[in-house]
Asks: 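Please see the structure below; I have some questions.
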Amino acid sequence: MTQSNILRKTTILAACAMGIIATTGAADAGNLDSKSIRSLFPGQFVAVVQGYRINVSASAGGRLAGEAYGYEDRGRWSVKGSNLCITWSEWNKGKTMCGKVSQKSGWFVAGGTSGQLLKFRRAAVAGN
């Protein structure tokens, strides 16, 4: 893999990690409250950010594990008010990103003000 391909994939992964903040229009569909957001976890999820797919495993205790294009990262999720907050160790260098969550056509959509879009859906139910 060339240096420019590695840089491009790293940039994409950073965008994916920060993609939990999405366009404000997505939040207009009716936001989930904090209890509904917490009830999403634990689970296995498929996320799509700017056309790129990420596989995410989330525990009930707030842990995240992600894999995309051969890269892996670990992080944390939490709920602050009625916002879902995500922190990835590598992909967004430990910066916490928060956004409202709504549901559209079988996908959960996180929304905020960054102009990026993340949609995610359950892939499987976790055992614990």
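If you're wondering where the values come from, they're calculated on a predicted model, not measured in any experiment. This chain uses plain numbering: 1 for the first residue, then up along the sequence.
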Asks: Taking all heavy atoms of I37 and all of V79, pick out the closest pair and write down the distance.
Replies: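 Residues I37 and V79, closest heavy atoms: CG2-CG2, 3.6 Å.
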Asks: Heavy-atom distance under 4.5 Å between the side chains of L40 and R38, does that happen here?
Replies: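 When only atoms from C-beta onward are counted, R38 and L40 do not touch, as no gap falls below 4.5 Å.
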Asks: Can you list the steps and then say if V48 with W107 is a side-chain contact (heavy atoms from CB on, under 4.5 Å)?
Replies: CA-CA 10 Å; V48 178; W107 290 87; 3.9 Å; yes
Asks: Does the E90 side chain pair with the main chain of K93, one donor and one acceptor, at a distance under 3.5 Å?
Replies: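 Flag not set: sc E90 to bb K93 has no pair under 3.5 Å.
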Asks: Looking at residues at least two apart in the chain, or sitting in another chain, which of them share a ring pair (Phe, Tyr, Trp, His ring centres under 6.0 Å) with F41?
Replies: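 F41 satisfies ring pair (Phe, Tyr, Trp, His ring centres under 6.0 Å) with F45, W77 only.
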Asks: Judged by atom type as modelled, is there a donor-acceptor pair below 3.5 Å linking the side chain of S57 to the main-chain atoms of Q44?
Replies: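 No, the answer is negative, given that no donor and acceptor are paired below the 3.5 Å cut-off.
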Asks: Who pairs with S78 by side-chain hydrogen bond (donor to acceptor under 3.5 Å, both in side chains), at least two apart in sequence or on another chain?
Replies: none
Asks: In Å and rounded to the nearest 0.5 Å, what is the NZ to OG distance from K95 to S89?
Replies: 15.5 Å
Asks: If the condition is side-chain hydrogen bond (donor to acceptor under 3.5 Å, both in side chains), which residues does S82 pass it with, not counting sequence neighbours?
Replies: K100
Asks: If Ile, Leu, Val, Met, Phe, Trp and Tyr residues are connected whenever their side-chain heavy atoms lie under 4.5 Å apart, and connections chain through other members, are Y71 and V46 in the same group?
Replies: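 Y71 does not cluster with V46.
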Asks: Does a side-chain heavy-atom distance below 4.5 Å link I86 with L64?
Replies: yes
Asks: Do V109 and V101 make a side-chain contact, defined as non-hydrogen atoms from C-beta onward lying under 4.5 Å apart?
Replies: no
Asks: The criterion is side-chain contact (heavy atoms from CB on, under 4.5 Å); which residues satisfy it with R63, sequence neighbours excluded?
Replies: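 Scan of R63 (side-chain contact (heavy atoms from CB on, under 4.5 Å), adjacent residues dropped) gives S59, R76.
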Asks: How about W88 and T96: do any of their side-chain heavy atoms sit closer than 4.5 Å?
Replies: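 Answer no - side chains too far apart.
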Asks: Between NZ of K104 and NZ of K119, what distance do you get to the nearest 0.5 Å?
Replies: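 Reported value, rounded in 0.5 Å steps: 10.0 Å.
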Asks: Suppose we screen for side-chain contact (heavy atoms from CB on, under 4.5 Å). Which residues come up paired with S36, at least two apart in sequence or across chains?
Replies: L32, D33
Asks: Evaluate the criterion side-chain contact (heavy atoms from CB on, under 4.5 Å) for residue pair W91 and I54; output intermediate values, then yes/no.
Replies: CA-CA 12 Å; W91 291 342; I54 306 171; 4.1 Å; yes
Asks: If you look at every heavy atom in A60 and P42, which pair is closest and at what distance?
Replies: N-CB, 3.6 Å
Asks: Looking only at heavy atoms, which two atoms of S39 and R122 are closest? And how far apart?
Replies: O-NH2, 4.2 Å
